[in-house]
Each structure stands twice: as structure tokens, then as C-alpha cells.
Student: 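Have a look at the structure that comes next, please.
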Amino acid sequence: MLDAKYVRDHLDEVAENMANRHASFDAGEFTALDEARRAAIAAEEALQTDRNRISKEIGSLMAAGKREEAEAAKESVRAINEQLEAASAVREEADAAMEALMMAIPNLTDATTPVGEDEDDNPEVRRWGTPRDFAAEGFTAQAHWDLGPALNIIDFERGVKLAESRFYVLGGAGARLERALISFMLDQHTSRGYKEWWVPALANAATLTGTGQLPKFEEDLFHTTEGLYLIPTAEVQLTNLHAGEVLDADSLPLHYCAFTPCFREEAGSAGRDTRGIIRVHQFSKVEMVKFATPETGFDELESMVEDAENILQQLKLPYRVISLCTGDIGFSSAKTYDVEVWLPSYGAYKEISSCSCCTDFQARRANIKYRDPANFKGSRFVYTLNGSGLAVGRTMAAVIENYQNPDGTITVPEVLVPYMGGKTVIGPEEV
């Protein structure tokens with residue numbers, strides 16, 4: 001969340017930033033709640049000061065033999081305690097109202113984030129690779145939702161039978177390709193300095209609040225009857241590994257990665273990318289998370305994007321990088337780059353990784369700080385970063401479509417051959 005003092009001192013700046021985000025922010029409501037909270041705190045503290053002063057006087061009065069005055073003072077303390085109980089209730093109510101407001105306000109976008117209305121205003125930063133010209137090769141490219149079932153490596157009908165729509169089953173070389181991609185991605189990241197973790201697929205409400213999914217986006221989450229939630233991304237767990245902790249500056253930056261299944265309700269996405277395995281309720285993803293100092297946070301974002309790009313370059317999949325504008329950026333992010341892979345079925349680039357610097361927004365919610373005695377006293381909030389490295393299902397779709405052959409088979413990318421047990425071509429399989 002944002003620092004309330006910063007919002008108070010920069011109200012016009014915050015209001016403008018929220019307007020650029022198309023975020024709901026009422027400066028008048030903030031000021032009213034802030035003043036009410038500060039007044040409630042002042043009233044509570046004044047009563048506590050009076051109680052402490054009179055309590056000290058009671059001892060002196062008793063020592064001086066002034067019992068009647070001491071009893072009167074005790075009555076005053078009892079009366080103050082009653083007033084203090086009421087004042088504390090008012091302060092707690094004011095605290096809760098302010099916290100609810102602050103929890104709903106998104107992060108401030110960085111000055112380098114382009115101002116724009118929506119995804120159409122996201123500027124392209126760079127491209128890598130050239131999409132295949134299938135027509136020049138003499139055949140028409142097929143979509144992965146046709147190629148996969150034809151080869152018996154993706155089964156949508158059985159996914160629906162086992163669960164519901166937007167679930168699918170992988171079999172044979174399809175399942176092996178999923179495992180190959182996960183292992184390849186993790187090996188690439190760990191070789192570049194990331195520490196691998198294995199984390200729970202369920203998270204509690206406090207954990208999801210720390211990274212910003214709760215309370216605002218509860219409708220996008222699957223939850224259990226015990227109050228736990230299926231994680232939408234490993235970012236939730238990796239970031240909260242250090243919730244409530246104070247890290248040493250010498251240990252920063254920390255680079256973490258993990259593979260997890262991810263679960264999303266996809267509320268409000270009806271009609272968007274419903275074919276194939278692009279937008280589904282359960283998918284695999286390798287996630288990258290970093291903890292950095294404010295001085296290095298945005299440099300770490302640039303290198304995180306490079307780490308995501310490395311996977312696509314190794315797979316020789318064409319892609320582009322875009323910078324998300326203020327009208328399209330995520331709730332917790334100050335600056336985001338999306339990496340989009342070329343998918344012939346769409347004749348367009350589709351998101352396969354989103355890398356964000358969240359400044360101290362998540363750290364403030366999860367209470368993650370660092371100490372650096374050589375440069376400042378006490379502790380300060382770290383910067384957190386997260387990025388897909390990559391979304392496995394979308395990577396599989398890109399491999400299937402970009403590496404297809406005229407006879408409907410799929411050439412295995414060279415870097416994946418060892419992970420596929422030496423298999424170089426995926427052909428039709430037994431049902």
C-alpha cells in the first residue's frame with residue numbers, strides 16, 4: 001500500500017497519478033478519513049497522558065496521608081479509563097476505515113511509465129526474431145488447438161469431462177513437453193543466479209493481501225472452505241517468504257524462482273482467448289521474484305526482463321517487449337514490461353511474461369524491510385519485483401505453432417531435445 005503521510009503531503013500528485021491509471025481515488029474522502037484518524041489518535045493519547053499523570057499523583061498523595069484526595073484521584077482515573085475505552089474504539093474504527101481505503105488504492109506509477117488510456121497505447125520497446133512465413137514454405141499454419149488434439153498430445157474434451165471448460169489434459173509427448181519446458185526454464189534461471197524454491201499451492205488471506213490480490217481481486221481467486229486460496233502465481237508465495245522480516249542490505253538483491261501450478265477464475269474474461277490453452281483456469285508457470293534496494297530496483301527490473309527474454313531466445317521463438325502504459329498496468333506495479341511471443345494462430349504477439357517493479361508497495365503491505373547501518377538508522381522497506389519466466393502453457397502453444405511441419409508433426413526445439421529424452425520430432429500418438 002501507499003504511505004499515508006506521502007499521500008497527505010502530495011495529494012495533487014497522487015490524484016493525478018490515479019487519474020492516469022483510471023483508478024478510483026477521492027482526495028476529499030482521504031483527507032476526511034485522515035483527519036478523523038489523526039484526531040482520534042490525539043484524543044486517545046491525551047487521555048492516556050492524563051491517566052498516567054494522575055496515576056503518579058495517587059502514589060504521592062497516599063504517601064502524604066491525603067487519602068481523600070487520593071480516592072478522588074482514583075475516581076478520576078476510573079472515569080478516564082471509561083473515556084479511554086470509548087476513545088480507543090473510535091480510533092480503531094478510524095484506523096479500519098483508513099486501512100480499507102489505503103488497501104484499495106493502487107501503486108503510484110513511475111515517471112518512466114508511459115501515460116496512456118489502454119493496451120493500444122503500450123509502446124513497443126524492441127523485437128527479437130522473425131516470424132516464419134508459412135505461405136512461402138507452401139503450407140497453411142495450424143493453431144495449437146487443432147494440432148494438439150490431432151497428435152493426441154492435448155485433449156480438451158477430457159479436460160472438460162474431468163473438471164469443466166477451460167481445463168485440458170496433456171498426454172504422452174504433450175505431458176513430456178510440459179515437464180521439459182519447466183525443467184529447462186528452471187535450469188536457465190538457476191544458472192543465472194536465482195535460488196529455486198518449492199512452495200505451497202495454497203495461501204492464506206494475509207499472504208494474498210501482502211502481494212495485493214486481496215481484498216480487491218477476491219473474485220479472481222479460487223478458495224477453499226477452510227479460508228485458504230489456490231495461488232494465482234508463485235509471486236504470492238515467493239514474495240511473502242520474507243513477510244514480517246528485516247533483511248540485511250548485504251544480502252540484497254535476492255533472486256528467487258519457483259515452478260507452481262496457478263489457478264485463476266478469469267472473472268470478466270468471457271469471450272477472450274477461449275480457444276486452446278492461452279487463457280485457462282489452471283496452468284503451469286515458472287515465476288521470478290526479486291528483493292532489492294530502492295537504488296537498484298529498476299535496474300533489477302531491466303535484468304529480469306532479459307532473463308525472461310533469454311528463455312525465448314534459447315527456444316528461438318520470435319517475440320517483442322512492450323512497456324505497459326498507466327491505463328493498462330497492474331494494481332501493485334509502478335512499472336511493467338510485457339514480453340509477447342509470436343503466435344501464428346492469432347497472427348499477433350501474445351503476452352507470455354509480465355515483469356514488474358512494485359517499488360515498496362508490496363513490502364509495505366507485507367512488512368518486508370532491510371537494514372543498512374552504514375547508510376541509515378533503523379530500517380526501510382525493500383523494493384519487490386516479479387515476472388513470469390515463463391507461462392508454460394503459452395510457451396507450449398508457441399512451440400507447437402512455430403515449430404510445426406507440413407505433415408502436422410512438430411519439431412522439438414534443439415535446447416529441449418535432452419529434456420525430451422532425445423526426441424526430435426513429435427508425431428501422432430496412440431490415444
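In what follows, residues are counted from 1 in the order of the sequence shown.
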Student: Check whether any side-chain heavy atom of L208 lies under 4.5 Å from a side-chain heavy atom of L221, and answer yes or no.
Tutor: yes
Student: For residues 111-118, dump all side-chain donor-acceptor pairs below 3.5 Å to protein atoms at least two apart in sequence or in another chain.
Tutor:
residue	atom	partner	partner atom	Å
T112	OG1	D110	OD2	2.5
T112	OG1	K335	NZ	3.1
T113	OG1	A334	O	2.7
E117	OE1	H22	NE2	3.3
D118	OD1	D120	N	3.0

Student: Taking salt bridge (charged side-chain N to carboxylate O under 4.0 Å, His left out) as the definition, give me every residue that meets it alongside R176, ordered by chain and number, with sequence neighbours left out.
Tutor: none
Student: Check the orientation of F134 and F139. Use parallel for under 30°, tilted for 30 to 60°, and perpendicular for over 60°.
Tutor: perpendicular
Student: F381 and side chain to side chain contact (heavy atoms under 4.5 Å, CB included): which partner among D360, T359, D3, I368?
Tutor: D360
Student: Taking atom CG of D133 as the centre, report whether more than 12 heavy atoms of other residues, nucleotides or ligands fall under 6.0 Å from it.
Tutor: yes
Student: For R132 and N402, does a side-chain donor sit closer than 3.5 Å to a side-chain acceptor?
Tutor: no
Student: Determine whether M185 and Q188 satisfy the following criterion, side-chain contact (heavy atoms from CB on, under 4.5 Å), listing intermediate values before the conclusion.
Tutor: CA-CA 5 Å; M185 291 174 187; Q188 286 293 309; 5.8 Å; no
Student: Salt bridge (charged side-chain N to carboxylate O under 4.0 Å, His left out) with R37: which residues, sequence neighbours excluded?
Tutor: D95
Student: Should the ring pair F30 and F25 be called parallel, tilted or perpendicular, given that the plane angle runs from 0 to 90° and is split at 30 and 60?
Tutor: tilted
Student: With rounding to the nearest 0.5 angstrom, report the CD to CG distance, E226 to L202.
Tutor: 9.0 Å
Student: Check the orientation of F167 and H281. Use parallel for under 30°, tilted for 30 to 60°, and perpendicular for over 60°.
Tutor: tilted
Student: Checking side-chain polar atoms at under 3.5 Å, does T190 have a donor or acceptor matched by the opposite partner on E196?
Tutor: no
Student: Determine, step by step, whether V321 and E309 satisfy the side-chain contact (heavy atoms from CB on, under 4.5 Å) criterion, reporting the C-alpha distance in whole Å, the side-chain angles of both residues, the deciding distance to 0.1 Å, and the verdict.
Tutor: CA-CA 9 Å; V321 178; E309 291 180 76; 3.8 Å; yes
Student: For T109 and N20, test the side chains for any donor-to-acceptor distance below 3.5 angstrom and give the result as yes or no.
Tutor: no
Student: Are there over 12 heavy-atom neighbours, none belonging to E429, within less than 6.0 Å of that residue's CD?
Tutor: yes
Student: Give, for atom NE2 of H10 and atom CG of N17, the distance between the pair rounded to the nearest 0.5 Å.
Tutor: 12.0 Å
Student: Using a distance-only test with no angle check, is there a side-chain donor-acceptor pair under 3.5 angstrom linking Q213 and Y229?
Tutor: no
Student: Just by distance, with hydrogens left out, do N405 and T411 show a side-chain donor and acceptor under 3.5 Å apart?
Tutor: yes
Student: Between OG of S354 and CG of N386, what distance do you get to the nearest 0.5 Å?
Tutor: 7.5 Å
Student: Give a yes-or-no answer on whether the side chains of D372 and N375 include a donor-acceptor pair shorter than 3.5 Å.
Tutor: yes
Student: Is there a side-chain contact (heavy atoms from CB on, under 4.5 Å) between V341 and T395? Walk through the geometry before answering.
Tutor: CA-CA 8 Å; V341 70; T395 308; over 6 Å; no
Student: Test F361 against Y383 for ring pair (Phe, Tyr, Trp, His ring centres under 6.0 Å), laying out the working first.
Tutor: CA-CA 8 Å; F361 186 81; Y383 272 25; over 10 Å; no
Student: Rounded at 0.5 Å granularity, tell me how far CD in E351 sits from CD1 in I278.
Tutor: 10.5 Å
Student: Can I get a per-line list of side-chain donor-acceptor pairs under 3.5 Å for residues 240-256, giving both atom names and the distance, sequence neighbours left out?
Tutor:
residue	atom	partner	partner atom	Å
N240	ND2	T207	O	2.8
N240	ND2	V236	O	2.8
H242	ND1	E245	OE1	2.8
H242	NE2	Y256	OH	2.8
D248	OD1	R371	NH1	3.2
S251	OG	D248	O	2.6
H255	NE2	E300	OE1	2.9

Student: For the atom pair CG (N107) and CZ (R365), what is the distance rounded to the nearest 0.5 Å?
Tutor: 10.0 Å
Student: Ignoring hydrogens and geometry beyond distance, is a side-chain donor-acceptor pair present between K290 and T384 at under 3.5 Å?
Tutor: no
Student: State yes or no: are the ring centers of F217 and F331 separated by less than 6.0 Å?
Tutor: yes
Student: So Y337 and E302, side-chain hydrogen bond (donor to acceptor under 3.5 Å, both in side chains) or not? Walk me through it.
Tutor: CA-CA 9 Å; Y337 293 106; E302 299 297 328; 2.7 Å; yes
Student: Can S284 and E178 be counted as having a side-chain donor-acceptor contact under 3.5 angstrom?
Tutor: yes
Student: Report yes or no: does H189 contribute a side-chain atom to a donor-acceptor pair with the main-chain N or O of G389 at less than 3.5 Å?
Tutor: yes
Student: Under the 6.0 Å and 45° cation-pi test, does R158 pair with F156?
Tutor: no
Student: For E265, is there any backbone N or O sitting under 3.5 Å from a side-chain donor or acceptor partner on D220?
Tutor: no
Student: Could you list the residues that satisfy salt bridge (charged side-chain N to carboxylate O under 4.0 Å, His left out) with K369, not counting sequence neighbours?
Tutor: none
Student: I'd like to check the salt bridge (charged side-chain N to carboxylate O under 4.0 Å, His left out) partners of K5; sequence neighbours left out, ordered by chain and number.
Tutor: D9
Student: Between Q404 and I410 (side chain of the first, backbone of the second, donor and acceptor by atom type, cut-off under 3.5 Å), is there such a pair?
Tutor: no
Student: Just by distance, with hydrogens left out, do E124 and Y349 show a side-chain donor and acceptor under 3.5 Å apart?
Tutor: no
Student: Using modelled atom types and a 3.5 Å cut-off, is there a donor and acceptor pairing between side-chain atoms of E340 and backbone atoms of I352?
Tutor: no
Student: Does a donor on one side chain and an acceptor on the other come within less than 3.5 Å for Q362 and T211?
Tutor: no
